[in-house]
Amino acid sequence: GGYDDWFLPSKDELNLMYGQKGVIGSFASDYYWSSSEVDNYGAWGQGFASGGQYDYYKGSGIRVRAVRTF
């Protein structure tokens, strides 16, 4: 009975989510992964305190927020 169409948002989708974080709710003032890669070693993350987007080493432990539809 569960859903199986969850995905990790792109950096642009995650930035739109940051802009609507008050409406969506339940975001920590922390960093979240996007599905957008920088290269073989890095991917983009979104700061939900600052609003900035940063490239992170893929071995970094930051939060995720999966979505079903955008």
Side-chain angles (χ1 to χ4, degrees):
Y3 299 104
D4 62 0
D5 57 348
W6 295 94
F7 67 94
L8 201 58
S10 70
K11 74 181 210 113
D12 294 334
E13 291 167 331
L14 199 55
N15 195 49
L16 290 172
M17 290 171 67
Y18 171 77
Q20 296 296 315
K21 69 181 182 177
V23 175
I24 299 168
S26 299
F27 283 101
S29 292
D30 208 345
Y31 301 96
Y32 287 82
W33 281 118
S34 78
S35 62
S36 303
E37 292 185 314
V38 175
D39 55 27
N40 286 340
Y41 305 101
W44 288 100
Q46 174 81 41
F48 271 74
S50 66
Q53 292 189 317
Y54 309 95
D55 60 330
Y56 291 96
Y57 172 66
K58 290 180 181 178
S60 302
I62 62 176
R63 297 174 184 265
V64 296
R65 180 73 177 251
V67 296
R68 286 192 57 230
T69 186
F70 200 86

Inset, instruction - Nearest 0.5 Å please: distance from the OG1 atom of Thr69 over to the CH2 atom of Trp6. - result: 10.5 Å
Legend entry - Spacing of Tyr56 atom OH and Trp33 atom CH2 [to the nearest 0.5 Å]: 8.0 Å
Inset, instruction - Give a yes or no on whether the backbone of Ser26 and the side-chain of Arg65 come within a donor-acceptor separation of less than 3.5 Å. - result: yes
Shared ILVMFWY cluster between [X] and [Y], side chains joined below 4.5 angstrom?
X: Val64; Y: Phe27; result: no
X: Ile24; Y: Tyr18; result: yes
X: Ile62; Y: Tyr32; result: no

Inset, instruction - Please report the shortest heavy-atom distance between Arg63 and Asp30, naming the atom on each side. - result: NE-OD2, 3.0 Å
Inset, instruction - Measure across Ser34 and Leu8 and return the closest heavy-atom pair with its distance rounded to 0.1 Å. - result: O-CD2, 3.7 Å
Atom pairs and distances, donor-acceptor, side-chain atoms in residues 40-54, under 3.5 Å, two or more places apart:
residue, atom, partner, partner atom, Å
Gln46, OE1, Gln53, NE2, 2.9
Gln46, NE2, Asn15, OD1, 3.4
Gln46, NE2, Gly51, O, 2.9
Ser50, OG, Gly52, N, 3.2
Ser50, OG, Tyr54, OH, 3.3
Gln53, NE2, Lys11, O, 2.7

Inset, instruction - For atom OH of Tyr31, decide whether the heavy atoms of other residues, nucleotides or ligands shown that lie under 6.0 angstrom number more than 12. - result: no
